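Below you'll find the structure, written out as structure tokens, and then a few comments.
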Amino acid sequence: VKPLRKGRPLFDRLALIGIGLIGSSIARAVKAKGLARTVVCTSRSRTTRERVRALRLVDAVAPTPAKAVERADLVIVCVPLGAYGDIARAIAGKLKRGAILSDVGSCKQSVLRDLKPAARPGVHFIPAHPVAGTEHSGPDAGFAELFEGRWCILTPPKGTDRRAVNKLKAFWRALGGHVEVMDARHHDLVLAITSHVPHLIAYNIVGTADELRAVTKSEVVKYAAGGFRDFTRIAASDPVMWRDIFLNNRDAVLEMLGRFVEDLTAVQRAIRWRDGPMLFDLFTRTRAIRRAVIAAGQADNPPPATKARTAKSRTGQDKAARLAR
Ligand code: NAP
């Protein structure tokens, strides 16, 4: 793949199926960088389709997935994992020869199962997962810099055309990301421990606090700065998206959760037996991991280098919508 010159599109026609936080961030970045001559999208609801038109995020809004993928040379599915089967049925046989069919879903083995049937011979099927996001949803929540400095993991099935993989790599790099190629099963294990189990812990601890009787809800909110507030941000993530992640990455999450519960029991024991050295050793090890995350530039959301630009690039309309949420 030749290095990208600004203003030279990598793709002729990009179709986005679903245009919430992730789809609209892709649309904004592609438009800002001129990575596709035409960007088309579709969304399930008329409300979102109209909102996208009002925000002028894309060149055309199609009424259905089948219409959106017509003549597209890159199709990216950006809907919750539970909707992939319906989308696959809607676009099966409609993609043009030589097109790349990709997605942004948070786990990858289920995507191989659910979306692959839509890729007839001659279509390059390359699942992808940008490891970037926020707790917000919908087309108003997206921003062009979301992927800058973040990793995008591609999980092409064995035998996928190398040129097509390289082209998709170039696309994600042009969006500002780093790219890694991985086996889908390994992806799901890695993400289970780095993303899915942490979200489950946040949902669970906020749920536990909600059900307490001895501590009132107003006290939980009032004293949130003691640590609870960081969990509430994660636990505010989209319920549909996260329900679908746990239903579709079941095995990897259960495997990692099993280990987590064992380790939690060990900590519980250490507290019961006043084992200070065990607690101190654990907290020292974990502190080193936080430092490694900071050193890798993955601690802020969005990364510090993009924060200022993100603030500047948001339109007045975006800001108004954000304030209204
Ligand atoms: P989002 O903001 O909630 O947007 C979801 C989009 O999918 C909207 O266009 C919505 O359409 C459409 N949609 C929802 N349910 C649907 C259904 N049953 N059938 C057809 N279309 C449906 O979601 P998002 O955060 O962009 O997430 C999209 C994908 O990205 C998910 O697979 C998620 O796993 C992955 N992902 C998310 C993050 C993150 O942090 N959010 C990070 C990485 C990857 P309407 O608005 O018209 O209903």
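In this text the structure is predicted, and so the values were computed from the model without any measurement.
- Note that CG of Leu81 is 10.0 Å distant from CH2 of Trp242, once rounded to the nearest 0.5 Å.
- Arg44 and Arg49 get closest at one heavy-atom pair: O-NH1, 3.1 Å.
- Atom CG of Leu257 and atom CZ of Phe246 lie 8.5 Å apart (nearest 0.5 Å).
- At a threshold of 4.5 Å between non-hydrogen side-chain atoms, the residues Pro139 and Leu57 count as touching.
- Taken from CD1 in Ile205 to CD1 in Ile234, the straight-line distance is 11.0 Å, to the nearest 0.5 Å.
- In this structure, Met278 and Val267 have side chains that are in contact, with non-hydrogen atoms separated by less than 4.5 Å.
- For the pair Lys116 and Tyr84, the cation-pi criterion (under 6.0 Å, within 45° of the ring axis) is not fulfilled.
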Salt bridge (Lys or Arg N to Asp or Glu O under 4.0 Å) between Lys67 and Glu70, worked out: CA-CA 6 Å; Lys67 281 269 172 221; Glu70 272 176 13; 3.6 Å; yes
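- Taking all atoms of both residues into account, the shortest heavy-atom contact from Ala202 to Ala235 is O-CB, 3.8 Å.
- The residues Arg51 and Asp140 are annotated as salt-bridged, a charged nitrogen and a carboxylate oxygen being separated by less than 4.0 angstrom.
- Side-chain contact between Leu115 and Asp103 is present, with at least one heavy-atom pair separated by less than 4.5 Å.
- Ion pair Arg53/Glu50 not flagged as a salt bridge, since none of the NZ, NE, NH1 or NH2 atoms sits closer than 4.0 Å to an Asp/Glu carboxylate oxygen.
- Between His187 and Val190, the closest side-chain pair of non-hydrogen atoms is not below 4.5 Å.
- One finds the CG atom of Leu74 at 5.0 Å from the CG atom of Leu14 (value rounded to the nearest 0.5 Å).
- Looking at heavy atoms from C-beta onward, Ser237 lies in side-chain contact with His199 at the 4.5 angstrom threshold.
- Residue-environment remark: CZ (Arg113) exceeds the threshold of 12 foreign heavy atoms within 6.0 Å.
- Within a 6.0 Å radius of CZ in Arg250, no more than 12 heavy atoms belonging to other residues, nucleotides or ligands are found.
- A salt bridge does not link Arg185 with Asp183: none of the charged nitrogens is closer than 4.0 Å to a carboxylate oxygen.
- His124 and Asp161 share no side-chain donor-acceptor pair at under 3.5 Å.
- With respect to Asp12 and Arg37, a salt bridge is recorded, a charged nitrogen being found less than 4.0 Å from a carboxylate O.
- The closest side-chain heavy-atom distance from Val131 to Ile153 is below 4.5 Å.
- Rounding to the nearest 0.5 Å gives a distance of 10.5 Å between CH2 of Trp172 and CG of Leu35.
- Judged by distance alone, the side chains of Glu219 and Thr216 do bring a donor and an acceptor atom under 3.5 Å apart.
- Between the side chains of Arg28 and Ser24, a donor-acceptor pair is found at a separation under 3.5 Å.
- For the atom pair Arg71 CZ and Leu95 CG, the distance stands at 13.0 Å (nearest 0.5 Å).
- With Pro65 as the partner, the side chain to side chain contact (heavy atoms under 4.5 Å, CB included) test is satisfied by one option alone out of Val79, Val77, Val75, Ile91: Ile91.
- Ring geometry for Trp151 versus His178: interplanar angle of 30 to 60°, hence tilted.
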